[in-house]
Amino acid sequence: MGKKDAKEKVILFCDGKKCCRYNSEVKECFKDLVKEAGLKGTVHIEKMKCQGMCKQAPVICIHKDECVGKVSKKDAKKLFEKHIA
Ligand code: FES
């Protein structure tokens, strides 16, 4: 805990009014992926405020590098492979 490591990453979920209605499935999917990869403690899943992209709910940002809208479970896997795994 608290150990800084180059691989430390943050997956940010928009938890604004619109996204919170759509993001639970994708959130679970990311949680499972993190667990399966044994990256609990290295990859953090956090909430963020409305990103002003509500039409694209659910919105997810990976490490503030890339914010994506309309994320499906399939997209979640792809994003995870691209940025985390
Ligand atoms: S509620 Fe998520 S972008 Fe506005």
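Every number for a ligand or one of its atoms is a count from 1 in the order of the listing. Values in this document were obtained by computation on a predicted structure and should not be read as measured data.
- Heavy atoms of C54 found under 4.0 angstrom from ligand 1 belong to the backbone as well as the side chain.
- Annotation: side chain of V59 is not in contact with side chain of V68 (no heavy-atom distance under 4.5 Å).
- The SG atoms of C14 and C20 do not sit under 2.5 Å apart.
- For the residue pair G69 and M53, the shortest heavy atom distance occurs at N-CE, 4.4 Å.
- Residue K18 has at least one heavy-atom neighbour below 4.0 Å for each of these atoms of ligand 1: 1 (S).
- Looking at E81 and K78, no side-chain N of the basic residue comes within less than 4.0 Å of a carboxylate O on the acidic one, giving no salt bridge.
- Counting the atoms of ligand 1 from 1 in the order shown, those under 4.0 Å from a heavy atom of C14 are 1 (S), 2 (Fe), 3 (S).
- Residue G52 places a heavy atom less than 4.0 Å from ligand 1.
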